[in-house]
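Reading through the structure tokens given below for one structure.
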Amino acid sequence: MRPNLLLIFLLCVSGTVAFAQQGRVKTYTTPLAGSVILGDIEDKYAAMVYNLEMPEPDANAEQQKLKDIKNQIQQMYPYKRNAIPNDRGYRKTSVPMPLLITGYVSDSIAGIPPDNDMAVNNSDTTVTVMNSYVAIQNSTTGKVLGFHKSLYIISKSVALDSSIDFRYDPKIIYDPEQDKFILMMLNATNARNYIVVGFSNSNNPFGTWNFYKFYGNYANDTTWFDFPSVAITHNEFFFTGNKIHFDTTWQAGFRESVIYQIKKQDGYAGKPVLTYQIWDSIKYNGKFVRNLYPVKGGASIQGPDQYFLSNRNFDIRNDSVFLIRITDTIGSLASLSVNVLKSPIRYGVPPDGRQPDTAAVLATNDARILGAFREGTEIQFTSTTKDTVNGAAAIMHGVIANYKTAPSLSARLLSIDTLDFGYPNLSYTASTGTTNQSIISFDYTGPHTYPGLGAIFFDGAQYSDMLKIKGGDSSINIFSIGHEQRWGDYSGSQPSWKSLGTVWVNGIYGRSAKNYGCYIAKLKSPTNVSVPTEKIPVSTNTLYPNPSSQFIKLEFNIEKEMGITFIIYDMQGRVVDKVIHTYCREGKNIIQFNTSSLSAGNYFLKGMDDHGTQVTINKFLKK
């Protein structure tokens with residue numbers, strides 16, 4: 001039986017407690033490190049030796065602090081099954097699930113953690129990255145188009161090729177305005193740490209890329225740069241990360257979070273010298289604001305201003321969410337401000353993900369914000385937290401209304417007591433006029449469920465049940481030392497810029513032999529499905545009685561077994577309600593349902609398989 005979401009919605013929204021503060025900004029330059037034609041790179045064996053444990057977010061030493069916090073929280077809020085008061089129990093929803101259009105296993109030869117990301121251009125070409133490879137694929141079929149190279153090989157022009165240099169934490173983003181890609185990765189830690197960024201010269205990822213490198217210890221304060229996040233505006237490329245002290249204990253490890261601001265056109269053009277800015281000393285009430293997530297555009301790229309989100313991600317329980325804004329472009333009189341919002345629900349460090357048939361757990365890291373977009377007057381974001389009612393790792397979905405003028409925050413908790421969620425991300429699908437619709441994607445696992453990739457549709461007010469995009473084949477247990485397995489650190493989500501309402505996502509599932517599997521899927525909003533008008537051809541299936549005042553039956557034939565979702569649409573093609581999602585056997589099937597809750601009028605009953613393909617459609621009249 002498909003589990004339903006426990007949706008906790010506290011209707012109160014917070015006011016803004018504003019504390020404007022000017023962060024410190026300084027201008028730097030870096031030379032073009034080299035230009036390469038990716039399609040010409042030779043890598044005969046694509047060989048690479050890498051350690052089975054890539055650097056932990058915020059340095060290895062910080063993880064002991066995190067483990068101590070998780071143990072403390074687990075004692076305070078242990079796992080509970082169905083221990084929910086009646087007024088906060090499971091609520092079934094009529095909102096249909098997102099539609100799975102296509103999905104395939106992407107490049108799955110991954111390091112630990114995979115740290116997989118992807119970007120899809122308007123010519124149906126996907127660039128996938130992970131620790132520590134890049135592959136170019138056909139986005140429709142998933143076929144690798146003859147390109148699977150190591151991050152190290154494609155970026156050799158930056159001259160970071162000593163025996164202690166290695167590449168990790170890749171990020172990739174597609175720029176639909178310029179029809180180009182930007183790829184970034186990190187090199188080494190401590191004194192050898194650099195941020196390596198490549199700008200494609202065209203929409204063809206096999207073509208020329210211009211590479212630049214940025215020194216992690218730019219302030220000579222013995223720190224290195226970790227955990228990148230990226231976004232673009234009309235004119236610029238932004239990336240953020242954390243400065244970590246060299247070889248220190250967790251008490252002194254974290255230094256601060258910083259923002260890099262770059263003119264993206266200069267990178268695309270391969271200018272000999274790239275001018276950029278670094279914003280640092282970003283604080284609230286004297287305390288550094290940690291993990292600055294750049295807010296991406298929803299229906300389109302936005303700017304010139306850029307927003308960022310943060311929270312107190314290492315706290316046991318907190319309700320502060322920080323809204324940071326850089327007002328303008330490089331060369332202008334730009335300023336930085338920090339506002340703090342109060343969440344109506346408290347968040348905290350999530351528990352690690354449980355798995356079946358093993359004591360090994362999947363690391364969920366901390367409660368940092370991992371996805372955000374803005375559209376109209378609204379920002380939506382996601383993070384992972386602990387559901388204190390059932391003890392599971394849950395998703396916090398926040399909505400900031402009027403973010404430019406008088407921001408206020410509402411939040412909801414998405415939780416299933418038998419599952420743990422990790423690394424949520426989201427993308428815009430449509431506007432309802434007053435709020436935005438989105439698809440939230442995430443990794444999941446549970447004590448009776450192998451790790452997989454899932455998604456939920458948010459219609460601007462309510463949430464759908466969970467769509468299992470890709471179920472796991474086994475637990476993940478590749479790192480034999482210790483109880484905790486790395487899970488991925490982040491997942492990917494991007495609108496299909498040529499077809500809004502459609503979203504590309506990627507994440508992790510449990511592959512055979514207890515290994516990592518990386519999966520890419522194309523999802524579609526269920527409210528963006530086109531429905532035929534009055535000229536619909538007569539269906540060969542039988543629907544009766546029609547007209548109907550109460551129960552109605554549909555007899556239909558299918559050639560093979562499949563899952564089918566039946567949805568009722570009005571004559572304008574808008575979703576009225578989801579009737580049922582069920583597994584149907586080959587041959588003749590009958591669906592029966594009660595129409596008494598519908599208003600009088602004409603409707604369509606449409607059946608779609610799990611890939612979003614229409615199986616049957618019938619028009620009926622409710623008397």
Side-chain angles (χ1 to χ4, degrees), residues 96-108 114 116-130 135-145 172-176 179 181 203 205 296-300 371 373 382 423-430 437-444 452-459 464-471 488 490-509 517-530 562-565 567 575 581 606 608-615:
M97 294 184 295
L99 303 174
L100 177 59
I101 304 302
T102 188
Y104 47 83
V105 176
S106 66
D107 187 3
S108 287
N116 53 327
D117 197 12
M118 53 84 209
V120 183
N121 69 11
N122 289 337
S123 301
D124 294 323
T125 303
T126 302
V127 181
T128 62
V129 294
M130 66 180 64
I136 301 174
Q137 299 174 270
N138 180 295
S139 64
T140 303
T141 64
K143 181 181 179 181
V144 176
L145 301 176
I172 183 82
I173 191 168
Y174 172 65
D175 183 345
D179 197 18
F181 295 94
N203 69 346
K296 300 177 182 180
S300 62
F373 72 82
T382 53
Y423 308 104
N425 207 333
L426 78 171
S427 286
Y428 168 91
T429 59
Q437 298 179 343
S438 59
I439 290 177
I440 302 169
S441 54
F442 47 88
D443 297 331
Y444 68 82
L453 176 63
I456 294 168
F457 174 65
F458 175 58
D459 73 353
S464 73
D465 289 338
M466 185 183 85
L467 169 69
K468 288 189 175 182
I469 300 171
K470 174 60 176 176
Y490 42 79
S491 65
S493 179
Q494 175 210 303
S496 174
W497 294 109
K498 69 176 184 178
S499 179
L500 285 179
T502 304
V503 172
W504 288 98
V505 302
N506 76 332
I508 299 299
Y509 74 98
C518 301
Y519 202 78
I520 291 179
K522 185 179 184 181
L523 308 179
K524 189 171 185 178
S525 162
T527 64
N528 285 48
V529 178
S530 60
M562 66 180 71
I564 300 180
T565 301
I567 301 174
V575 173
H581 176 271
K606 186 172 184 178
M608 289 173 288
D609 68 15
D610 289 339
H611 298 284
T613 302
Q614 178 180 305
V615 176

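Hydrogens, waters and symmetry mates are skipped; everything else that's a heavy atom, side chains included, is used.
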Donor + acceptor pair across side chains of T527, Q437 (<3.5 Å): yes
Residues in side chain to side chain contact (heavy atoms under 4.5 Å, CB included) with N116, at least two apart? P114, M130, N506, I508, C518
Could you tell me which residues satisfy ring-ring contact (aromatic ring centres under 6.0 Å, His included) with F442, sequence neighbours excluded, listed by chain and number? F421
Among all residues two or more places apart in sequence or in another chain, which pass the side chain to side chain donor-acceptor pair (under 3.5 Å) test with Q494? none
Using 0.5 Å steps for rounding, measure from the CZ atom of F181 to the OG1 atom of T126. 7.5 Å
Check: N425 main-chain N/O paired with S493 side-chain donor or acceptor under 3.5 Å: no
Per side-chain hydrogen bond (donor to acceptor under 3.5 Å, both in side chains), N203 is matched among D179, N121, D175 by D179
Could you pull out all residues at least two apart from K498 that satisfy side chain to side chain contact (heavy atoms under 4.5 Å, CB included)? N122, D124, S496
Under 3.5 Å side-chain donor-acceptor pair for D443 and Y509: no
Minimum heavy-atom distance M97-M466, with the two atoms named: SD-O, 3.4 Å
Can you see which heavy atom on I101 is nearest to which on L523, and at what distance? CG1-C, 4.3 Å
Show the nearest heavy-atom pair for residues Q614 and K606, with the distance to one decimal. OE1-CE, 3.2 Å
Below 4.5 Å, heavy atoms only, C-beta onward: do D459 and V575 meet side chain to side chain? no
Side-chain touch S139/Y104, heavy atoms, less than 4.5 angstrom: yes
Assess, by modelled atom type and distance only, whether the side chains of T125 and S123 contain a donor and an acceptor separated by less than 3.5 Å. no
Between S525 and L99, the two heavy atoms sitting closest are O-CD1, 4.5 Å
Show your reasoning for whether side chain to side chain contact (heavy atoms under 4.5 Å, CB included) applies to K522 and V120. CA-CA 10 Å; K522 185 179 184 181; V120 183; over 6 Å; no
Examine distances only and state if a side-chain atom of S491 and a backbone atom of Y423 form a donor-acceptor pair shorter than 3.5 Å. yes
Find out whether T429 and F457 are in side-chain contact, i.e. whether some heavy atom of one side chain is under 4.5 Å from a heavy atom of the other. yes
Report yes if some heavy atom in the side chain of L426 is under 4.5 Å from a heavy atom in the side chain of F373; otherwise report no. yes
Within the distance-only criterion (no hydrogens, no angle test), does the side chain of D117 pair as donor or acceptor with the backbone N or O of I172 below 3.5 angstrom? yes
With sequence neighbours left out, the residues meeting side chain to side chain donor-acceptor pair (under 3.5 Å) with Y428 are none
Excluding sequence neighbours, so at least two apart, what forms side chain to side chain contact (heavy atoms under 4.5 Å, CB included) with P495? S427, W497, L500
List the steps and the verdict of side chain to side chain contact (heavy atoms under 4.5 Å, CB included) for I469 and L100. CA-CA 7 Å; I469 300 171; L100 177 59; 4.1 Å; yes
Quick check: closest heavy atoms across G492 and S441, and the distance to 0.1 Å? O-OG, 4.2 Å
Measure the spacing between OG of S106 and CE of M118 and express it to the nearest 0.5 Å. 9.5 Å
